[in-house]
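Here is the structure we will look at, set down as structure tokens.
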Amino acid sequence: DAGVIQSPRHEVTEMGQEVTLRCKPISGHDYLFWYRQTMMRGLELLIYFNNNVPIDDSGMPEDRFSAKMPNASFSTLKIQPSEPRDSAVYFCASSPDTYNEQFFGPGTRLTVL
Amino acid sequence: KNQVEQSPQSLIILEGKNCTLQCNYTVSPFSNLRWYKQDTGRGPVSLTIMTFSENTKSNGRYTATLDADTKQSSLHITASQLSDSASYICVVSIGYNNNDMRFGAGTRLTVKP
């Protein structure tokens, strides 16, 4: 398996624009997680899915953020409208169950100007 | 105050030397504790996962210990290599939901030749 795949790897956009980040989890993994990492706040869990269903979105910072998982092999994290404070590295991770390790993707570095 | 405190914030050691990183937590009830290694520009990689009943777990030259009574964990790296240069992140899960997590800010380790 190729591991967790994220795209794009880098995204530079202007304030107010819509940003969509994409993730393909490892096949067979039932859990998918979206994280954000900044120097100031470290790693933060935004939302996670179990069998394509959002379970906990309490980490989503505000209504500008939304995430979907239309099927077991694809998820998106959307920011609309984007703001400079959204600049961060966004990671997607997947795991086979809630007890085992999570496998992280390479991340998407987002810069909002 | 962060519920997961890591120390030191950064550490520089010479290649071949051993080192120990600390993680103290206040979360309750405890579910499990994970150590991740994160190379610069990459996603975190799981090193160990320990539950309440485990007090030590090894992964090659990495050995994690857990004292659930004092709520302390350590990650010991033996015979360090240049490739150990990375950030090490401690993550503690709460209660029965392994995905309710609290993150440490990480320790930045630099191994010099």
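Keep in mind that what you see is a predicted model, and the values were worked out from it rather than measured. Letters A, B, ... are given to chains in the order of the sequence lines, protein chains preceding strands, and every chain is numbered from 1.
Here the side chains of B/Leu109 and B/Ser85 are not in contact, with every heavy-atom distance at 4.5 Å or above. By the 4.5 Å heavy-atom criterion applied to side chains, B/Cys90 and B/Leu33 are counted as neighbours. Contact of the B/Asp100 side chain with the B/Val27 side chain is not registered, since no non-hydrogen atoms from C-beta on lie closer than 4.5 Å. Contact of the B/Ile94 side chain with the B/Phe30 side chain is not registered, since no non-hydrogen atoms from C-beta on lie closer than 4.5 Å.
B/Gln9 CD: 12 or fewer foreign heavy atoms inside a 6.0 Å radius. By the neighbour-count criterion of 12 heavy atoms within 6.0 Å, atom CD of A/Glu14 is sparsely surrounded, having that number or fewer from other residues, nucleotides or ligands.
In this structure, A/Tyr31 has no ring-ring contact (aromatic ring centres under 6.0 Å, His included) partners at least two apart in sequence or on a different chain.
Among the residues in residues 40-75 of chain B, those with a non-hydrogen atom closer than 4.5 angstrom to a non-hydrogen atom of chain A are B/Gly41, B/Arg42, B/Gly43, B/Pro44, B/Ser46, B/Ile49. Chain B is approached within less than 4.5 Å, heavy atom to heavy atom, by A/Phe91, A/Thr98, A/Tyr99, A/Asn100, A/Glu101, A/Gln102 from residues 67-102 of chain A, ordered by number.
In terms of heavy-atom pairs under 4.5 Å with chain A, the best-connected choice from B/Val91, B/Asn99, B/Asn32, B/Ile89 is B/Asn99. The candidate from A/Arg41, A/Gln6, A/Gln37 with the greatest count of non-hydrogen atom pairs under 4.5 Å with chain B is A/Gln37.
Taking the ring centroids of B/Phe103 and A/Tyr35, they lie under the 6.0 Å cut-off.
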Can you give each donor-acceptor pair under 3.5 Å made by side-chain atoms of residues 103-113 of chain A, sequence neighbours left out, with the distance rounded to 0.1 Å?
unit_1, atom_1, unit_2, atom_2, d
A/Thr108, OG1, A/Pro8, O, 2.5

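Checked by atom type, the side-chain pair B/Gln22/B/Glu5 shows no donor-acceptor distance below 3.5 Å.
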